[in-house]
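Residues take their numbers from the sequence shown, with the count starting at 1. All ligand and atom numbering here is 1-based and tracks the order in the structure.
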Amino acid sequence: MIKIYAPASIGNINVGFDILGVAIKPIDGTLLGDIVTIKNSKKFNLIITGKFSYQLPKNIFKNIIWKAWKLFCKKIKKKINIKMILKKNMPIGSGLGSSACSIVSSLHAINIFCKKPLNNNQLLNLMGNLEGKISGSIHYDNVAPSYLGGMQLIINEMNIISQNIPTFKKWLWIIAWPGTKVSTEKSRSILPKKYKKNIFIKQNKYLASFIHASYTMQEKLAIKVLKDIIAEPYRINLLPKFKKSKKKIKKIGALKCGISGSGPSLFAICNNINTAKKIKKWLKKNYLQNKKGFVHICNLDIKGSRII
Ligand code: HSE
């Protein structure tokens, strides 16, 4: 038997649309991620449990876990007979890398169960492809951090899919899921097909400066350039409470605030636990739209996907 946990993640982190992401873990020990268990079986079998299992399609062939298994079998050219149990802890369409949690935990678990026929790069490649099939286009900014942990910059050149970036250890990451759903596909389709030259130059400057600031540990510079001029101005229309909330939590003391992945979750960064608690309290009261929503104060999950 093998049991794998893959953590939630924040894609984009404002400045790195599709190419920057972090894996997160709540400081109170909550397992914010999916768990896949694999057992021996005479034929393929899938069981789905967990708080958010009700959101998944009843048809097994539409399930991500089935797709992951199918893709893996095709890749290694062998039919693997296993029983897979998914514990779906993550809400889908939340902007917290829910599909990545399922993709990463299932492919990682199958690979270990089969005694690692695929190396890290091959496995990550498969994860990105599957994410692409589900959301409409390949992006690694959720699967890479969920699999590898920490902050990941997507390179996808010369056999390097992703690179670990140094992070500011004092930063606390607050995430708030309002309890509603935004489809990644839709959230991507509303973005412009083309951007103006001045946006392109600014965006290059911000991302390059953020990576530089991370390597040289210049916290103020990192925060200053952590801006989203690519997606937030358009996606804000899908998130009714975002603008007001951003203003308010910055007043409370957040260093930065943005849309987590394609939304509707919001993330904020601060470097003080008391401020983080105040932000959490405010978001709980004002950003959530129903009882299902949640707010967590998180650290980065350095380990990524792992055996539990
Ligand atoms: N980079 C992706 C997007 C993340 O913003 O569409 C999706 O969670």
*Taking only residues two or more places apart in sequence, or in another chain, which ones meet D301 in a side-chain contact (heavy atoms from CB on, under 4.5 Å)?*
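Expected list: Y5, P7, A23, K25, K303, R306.
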_Residues that K62 engages under side-chain contact (heavy atoms from CB on, under 4.5 Å), provided they are two or more places apart_ =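 With sequence neighbours excluded, K62 shows a side-chain contact (heavy atoms from CB on, under 4.5 Å) to P57, N59, given in chain and number order.
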When you check ligand 1 against the protein, what N or O pairs turn up below 3.5 Å? List the atom names and distances, or just say none.
{"residue": "ligand 1", "atom": "1 (N)", "partner": "N12", "partner atom": "OD1", "Å": "2.7"}
{"residue": "ligand 1", "atom": "1 (N)", "partner": "D18", "partner atom": "OD1", "Å": "2.5"}
{"residue": "ligand 1", "atom": "1 (N)", "partner": "D141", "partner atom": "OD1", "Å": "3.3"}
{"residue": "ligand 1", "atom": "1 (N)", "partner": "D141", "partner atom": "OD2", "Å": "2.7"}
{"residue": "ligand 1", "atom": "5 (O)", "partner": "N12", "partner atom": "ND2", "Å": "2.7"}
{"residue": "ligand 1", "atom": "5 (O)", "partner": "R235", "partner atom": "NH1", "Å": "2.8"}
{"residue": "ligand 1", "atom": "5 (O)", "partner": "R235", "partner atom": "NH2", "Å": "3.3"}
{"residue": "ligand 1", "atom": "6 (O)", "partner": "R188", "partner atom": "NH1", "Å": "2.6"}
{"residue": "ligand 1", "atom": "6 (O)", "partner": "R235", "partner atom": "NH2", "Å": "2.9"}
{"residue": "ligand 1", "atom": "8 (O)", "partner": "N142", "partner atom": "OD1", "Å": "3.0"}

Quiz: residues 85-93 side-chain donor-acceptor pairs under 3.5 angstrom, not counting sequence neighbours:
{"residue": "K88", "atom": "NZ", "partner": "D34", "partner atom": "OD2", "Å": "2.5"}
{"residue": "K88", "atom": "NZ", "partner": "S98", "partner atom": "O", "Å": "3.1"}
{"residue": "K88", "atom": "NZ", "partner": "S98", "partner atom": "OG", "Å": "2.9"}
{"residue": "K88", "atom": "NZ", "partner": "S102", "partner atom": "OG", "Å": "2.9"}
{"residue": "N89", "atom": "ND2", "partner": "G33", "partner atom": "O", "Å": "2.9"}

_Is it the case that the side chain of N237 and the backbone of Y234 share a donor-acceptor pair, with hydrogens and angles ignored and the cut-off at 3.5 Å?_
yes
*Just say parallel, tilted or perpendicular for the rings of W69 and W66, cut-offs at 30° and 60°.*
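Plane angle between 30° and 60°, so tilted.
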*Does atom NZ of K241 have more than 12 heavy-atom neighbours, drawn from other residues, nucleotides or ligands, at distances under 6.0 Å?*
yes
